[in-house]
A.B. asks: 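To start, I am sharing the structure in question, which I have written as structure tokens.
Because only heavy atoms are used, hydrogens play no part in the values below, and waters and symmetry mates are left out as well, while side chains stay in.
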Number of protein chains: 2
Amino acid sequence: MPENDPTPSEQSETAERFNQARTAQALALLEDYTEMIDDLIRDHGEARVTEIASRMGVTHPTATKAIARLKREGLAVSRPYRGVFLTEAGTRMAARVRTRHRVVVDLLLAVGVPGEAAKLDAEGIEHHVSDDTLHAFEAFLRARGQV
Amino acid sequence: MPENDPTPSEQSETAERFNQARTAQALALLEDYTEMIDDLIRDHGEARVTEIASRMGVTHPTATKAIARLKREGLAVSRPYRGVFLTEAGTRMAARVRTRHRVVVDLLLAVGVPGEAAKLDAEGIEHHVSDDTLHAFEAFLRARGQV
DNA sequence: GCACAATTAAAGCCATGGCTACACTTTTGT
DNA sequence: ACAAAAGTGTAGCCATGGCTTTAATTGTGC
């Protein structure tokens with residue numbers, strides 16, 4: 001990742017949009033794993049590599065690599081042959097992701113998306129929902145809920 | 001991409017969701033480029049590598065690589081130092097993507113997302129909108145439009 | 001308490017999608 | 001007409017995120 005000004009500020013609006021989408025995508029993996037680890041700790045008191053891999057639909061080495069990245073980013077800690085745990089930052093990310101996921105699914109349902117499709121599509125959509133959009137979704141749901 | 005049964009069918013529902021999101025992501029690049037090329041041909045009568053790169057916010061070798069992939073997939077054709085053109089399949093993909101993009105932006109606006117955020121987020125969201133979800137969005141917009 | 005099963009780690013391969021650097025066309029301006 | 005500028009192509013680097021294979025550790029059953 002080059003540190004040198006990748007957004008020369010006189011970049012086309014279109015290019016900016018694509019760049020933002022790419023940035024969001026780079027974060028998606030971290031978000032998914034932190035949420036998954038948080039889920040597992042809630043359910044089983046611990047998060048083991050094998051279980052993480054199985055739920056993410058990848059092989060263990062792939063999960064191990066992802067966890068290494070989480071550790072590098074200060075989101076998780078782990079000791080060899082022991083479980084994985086989230087740091088404070090990781091926990092905060094998990095909470096944020098969990099909320100956003102729920103709101104996205106609820107919004108899809110509210111506008112008439114069938115339950116199955118809502119669950120499937122939310123997994124990809126959520127990573128591209130900005131704070132502004134999230135707040136709009138929440139406002140929409142509140143308004144709807146009160147009708 | 002291994003051809004061998006990556007979906008053993010007794011895979012957890014969660015894993016399936018993530019796998020689907022990953023598949024959608026792999027298609028996103030092709031979709032973005034075909035739409036961009038289609039746009040450029042409409043606007044300028046041709047799509048040149050430099051212009052594609054500039055609008056996508058990448059360097060021209062990156063665009064060249066993407067175009068090579070489009071050609072491999074039978075979506076585009078090009079001759080050295082000449083423009084890029086879409087095949088029949090590419091044109092069809094572009095049309096589908098364009099429609100979906102518009103519907104996603106309209107839906108975001110309809111539920112109260114600010115214009116700027118709608119444009120930005122739609123770029124990432126659209127690739128994860130399945131046909132079922134798209135149809136639901138269209139139905140919602142039709143119902144709204146008639147109020 | 002020890003052998004075997006299950007889990008985890010490590011190493012190394014592949015494709016993708018970014019990038020820079022450099023070479024070669026094509027276009028343009030005088 | 002030709003030199004300079006713009007555009008395009010090619011090669012090769014890097015990180016990511018998949019994978020398989022092999023090795024090491026942990027935990028269990030007898």
Side-chain angles (χ1 to χ4, degrees), chain A residues 1-8 11 15 18-33 36-37 40 44 46-73 76-85 124 127, chain B residues 1-8 11 15 18-33 36-37 40 44 46-73 76-85 124 127:
Chain A
M1 190 194 308
E3 235 65 5
N4 51 6
D5 198 5
T7 312
Q11 197 178 25
F18 284 110
N19 280 323
Q20 164 154 334
R22 279 189 289 266
T23 301
Q25 196 51 41
L27 249 130
L29 182 125
L30 297 178
E31 293 180 337
D32 285 336
Y33 274 89
M36 180 62 73
I37 290 166
L40 286 169
H44 301 104
E46 63 175 1
R48 309 301 300 237
V49 172
T50 300
E51 185 67 16
I52 294 169
S54 155
R55 295 229 200 163
M56 294 297 299
V58 300
T59 57
H60 330 127
T62 298
T64 300
K65 250 196 219 180
I67 292 164
R69 195 175 154 209
L70 289 185
K71 290 164 75 171
R72 250 191 294 136
E73 308 265 350
V77 291
S78 78
R79 292 205 334 282
Y81 299 101
R82 291 291 174 261
V84 181
F85 300 92
H127 300 292
Chain B
M1 190 194 308
E3 235 65 4
N4 53 6
D5 198 5
T7 311
Q11 196 177 24
F18 285 109
N19 280 323
Q20 165 154 334
R22 279 189 288 266
T23 300
Q25 197 51 43
L27 251 136
L29 182 125
L30 296 178
E31 294 179 337
D32 285 337
Y33 275 89
M36 180 61 73
I37 290 166
L40 286 169
H44 300 101
E46 64 174 0
R48 309 300 301 236
V49 172
T50 299
E51 185 66 16
I52 294 169
S54 156
R55 295 227 198 164
M56 294 297 299
V58 299
T59 57
H60 79 263
T62 298
T64 300
K65 249 193 219 181
I67 292 163
R69 193 173 154 211
L70 290 184
K71 290 164 76 172
R72 250 191 294 135
E73 308 265 350
V77 292
S78 78
R79 291 204 336 282
Y81 299 99
R82 293 290 175 260
V84 181
F85 299 92
H127 300 292

A.B. asks: Please state how far atom NZ in A:Lys65 lies from atom C1' in D:dC19, giving the value in whole angstrom units.
C.D. replies: 8 Å
A.B. asks: How close or far is atom P of C:dG18 from atom CG of A:Asn19, stated in whole angstroms?
C.D. replies: 9 Å
A.B. asks: Using a 3.5 Å cut-off and no angle test, enumerate the donor-acceptor pairs between side-chain atoms of residues 76-84 of chain B and protein atoms at least two apart in sequence or in another chain.
C.D. replies:
unit_1, atom_1, unit_2, atom_2, d
B:Ser78, OG, B:Lys71, NZ, 2.9

A.B. asks: What protein N or O atoms touch nucleotides 1-6 of chain C N or O atoms at under 3.5 angstrom, if any, and at what distances?
C.D. replies:
none

A.B. asks: Polar atoms only, N or O, under 3.5 Å: list the protein pairs with nucleotides 23-25 of chain C and their distances.
C.D. replies:
unit_1, atom_1, unit_2, atom_2, d
C:dC24, O2, B:Tyr81, OH, 3.3

A.B. asks: Send over the distance from A:Arg82 CZ to D:dT25 C1', rounded to a whole Å.
C.D. replies: 9 Å
A.B. asks: Checking A:Thr50 now: which residues fulfil side-chain hydrogen bond (donor to acceptor under 3.5 Å, both in side chains) with it, not counting sequence neighbours?
C.D. replies: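 side-chain hydrogen bond (donor to acceptor under 3.5 Å, both in side chains) list for A:Thr50, sorted by chain: empty.
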A.B. asks: In whole angstroms, how far is the C1' atom of C:dT7 from the CD1 atom of A:Ile67?
C.D. replies: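 The distance from CD1 of A:Ile67 to C1' of C:dT7 comes to 12 Å, rounded to the nearest Å.
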A.B. asks: I'd like to know whether A:Tyr33 forms a side chain to side chain contact (heavy atoms under 4.5 Å, CB included) with A:Arg69, so could you lay out the CA-CA distance, the side-chain angles of the two residues, the decisive distance to 0.1 Å, and finally the verdict.
C.D. replies: CA-CA 10 Å; A:Tyr33 274 89; A:Arg69 195 175 154 209; over 6 Å; no
A.B. asks: Looking at A:His127 and A:Ala24, what are the two nearest heavy atoms and their distance?
C.D. replies: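 Closest pair (atom of A:His127, atom of A:Ala24, distance): O-CB, 3.5 Å.
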A.B. asks: If I take atom OH in residue A:Tyr33 and atom C1' in nucleotide D:dG18, what distance separates them, rounded to the nearest angstrom?
C.D. replies: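 Result: 9 Å.
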A.B. asks: Please give, in whole Å, the distance from C:dT16 C1' to B:Arg22 CZ?
C.D. replies: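 Computing the B:Arg22:CZ to C:dT16:C1' distance gives 15 Å.
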A.B. asks: Taking only heavy atoms on the protein side, list every residue of residues 46-53 of chain B lying under 4.0 Å from any atom of DNA chain D, sorted numerically.
C.D. replies: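 Within residues 46-53 of chain B, the residues near DNA chain D are B:Arg48, B:Val49, B:Thr50.
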A.B. asks: Distance check: side-chain N/O of A:Arg69 vs OP1/OP2 of D:dG17, anything under 4.0 Å?
C.D. replies: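 It does, given that an N or O in the side chain of A:Arg69 lies less than 4.0 Å from OP1 or OP2 of D:dG17.
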A.B. asks: Could you list by number each residue of residues 55-64 of chain A showing a heavy-atom separation from DNA chain C of less than 4.0 Å, or answer none if no residue does?
C.D. replies: A:His60, A:Pro61, A:Thr64
